[in-house]
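Whatever order the structure lists ligands and atoms in, that order sets their numbers, starting from 1. Throughout, numbering of the chain's residues begins at 1 and tracks the sequence.
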Amino acid sequence: MNIYDALQKRSIRDGILRSLGNLSGAVKKNIQNHPYLLNFAEDVRRAKLEVAENYDFWIDKAISVLESQGAWVYYANDAREARKIAGRIVGKEKVVVKAKSMVSEEIHLREYLEKLGNEVWETDLGELIVQLANDRPMHMIIPALHYSEDDVRLILRKIGIEGKNAKEMTENVRKFMREKFLKADVGMSGCNALSAKTGRIFLIENEGNIRLSTSLTKTYLVFTGIEKILPSDELCLKSVFVQAAFFGTFPPAYLNVNKKVKDQEMHVIFLDNGRKSTRFKEQLLCIRCGRCQLECPVFQLAGNIWGGDVYGGPMGIIWSAITEGITENCFLSTLCGKCREVCPMKIDMPRMIREMRGLILSRYRAEI
Ligand code: SF4
């Protein structure tokens with residue numbers, strides 16, 4: 001789908017506005033009821049800036065802690081390397097259960113593992129719908145927001161799941177997934193925050209699928225962008241609380257704190273993919289709460305189709321520049337500043353989008 005098709009799709013606009021209506025009041029309430037979250041956000045911003053000043057130091061520290069606990073650790077310079085490492089770990093003809101992870105979307109992992117002959121299941125309900133529809137997530141946290149109940153009924157029928165209403169369909173998906181969890185060989189997750197002090201992986205969720213994906217299998221594989229490293233467990237906790245609150249669900253239903261455990265093989269892949277060398281360093285402070293997307297007037301019209309292959313919306317314009325390169329999509333921003341206003345990390349996205357426009361224009365001028 002291109003941006004012109006997206007503009008014609010009412011379901012995208014309706015889904016985004018419905019989610020915005022449900023969540024924006026909740027974000028305000030979270031901050032009113034728990035004002036300390038704003039201090040947490042400041043602490044996390046400061047710590048992320050400190051880590052971004054010296055990634056090599058913090059990556060080495062995180063790697064040596066994880067290795068000392070018996071985890072296998074890898075560093076992937078780009079998406080291709082990350083896919084290859086994952087392919088070697090998983091092998092062929094395995095059943096893989098996967099928690100939702102934007103980093104795995106970034107490296108197109110599921111498609112790669114399927115090509116190797118594996119059976120890969122997204123375990124987050126929205127992400128499973130997107131997988132079965134052969135689509136891409138419309139929002140980082142609410143990937144299937146553009147589908148109606150009737151659409152979902154048709155999509156789930158592909159794997160034999162029926163249901164009179166959303167509740168019944170969800171219940172039947174739960175039963176279906178339970179079987180997959182029990183027979184899976186490999187479990188996978190992303191990472192919301194990683195403590196360089198203890199090697200602990202922090203993950204929040206509302207469905208309980210992450211804890212099943214990461215604890216039942218003999219092999220557990222974690223993907224993390226290097227920007228998820230924080231110096232301590234305390235800062236990781238603060239980061240995931242702020243992420244949940246600014247998305248609109250606080251406290252999150254589940255908080256997972258994962259580490260290498262006996263009888264489970266744990267592999268951790270750190271992904272660079274343009275992060276260390278980018279000129280748009282400020283975007284690496286992002287905690288992926290998805291707030292700026294829902295509030296953005298352009299995203300409200302075109303959804304995730306405005307941006308790059310994986311990341312959409314205002315944050316996506318910059319994340320895509322980091323991982324894929326700059327595109328003319330930056331000229332579609334209104335530069336209204338709403339993204340910066342609502343961002344818990346106070347990331348100045350309009351400034352970076354303006355900088356991108358300047359770079360593209362000077363490239364054109366040089367060609368004339
Ligand atoms: S840029 Fe800010 S508002 Fe947008 S997803 Fe990242 S942290 Fe959230």
> Which residue owns the protein heavy atom closest to atom 5 (S) of ligand 1, what's the atom, and how far is it?
Replying inline: Gly290 N, 3.3 Å
> Does Cys292 put an N, O or S atom under 2.8 Å from atom 4 (Fe) of ligand 1?
Replying inline: yes
> Which residue owns the protein heavy atom closest to atom 8 (Fe) of ligand 1, what's the atom, and how far is it?
Replying inline: Cys289 SG, 2.4 Å
>> I need the atoms of ligand 1 closer than 4.0 Å to a non-hydrogen atom of Met349, numbered in the order shown.
In response: 1 (S)
>> Regarding Lys238 and Glu234, does a basic nitrogen lie under 4.0 Å from an acidic carboxylate oxygen?
In response: yes
>> Can you name the atoms of ligand 1, numbered from 1 with element, that are less than 4.0 Å from a heavy atom of Gln283?
In response: 1 (S)
> For the rings on His267 and Tyr220, is their centre-to-centre separation under 6.0 Å?
Replying inline: no
> For ligand 1, is there an atom lying under 4.0 Å from some heavy atom of Ile287?
Replying inline: yes
>> Show me which atoms of ligand 1 lie under 4.0 Å from any heavy atom of Cys286.
In response: 1 (S), 5 (S), 6 (Fe), 7 (S)
>> Can you tell me if, anywhere in Cys343, an N/O/S atom lies at a distance from atom 8 (Fe) of ligand 1 that is smaller than 2.8 Å?
In response: no
> Does Glu179 pair with Lys183 as a salt bridge, N-O distance under 4.0 Å?
Replying inline: no
>> Please work out, at 4.0 Å between heavy atoms, whether the side chain, the backbone, both, or neither of Gln293 comes within that distance of ligand 1.
In response: neither
>> So that I know where these two stand, are Tyr74 and Phe270 an aromatic pair - ring centroids less than 6.0 Å apart?
In response: no
> Salt bridge check: are Arg174 and Glu171 linked by an N-O gap of less than 4.0 Å?
Replying inline: yes
>> Can you confirm whether or not the ring centre of Trp121 sits under 6.0 Å from the ring centre of Phe176?
In response: yes
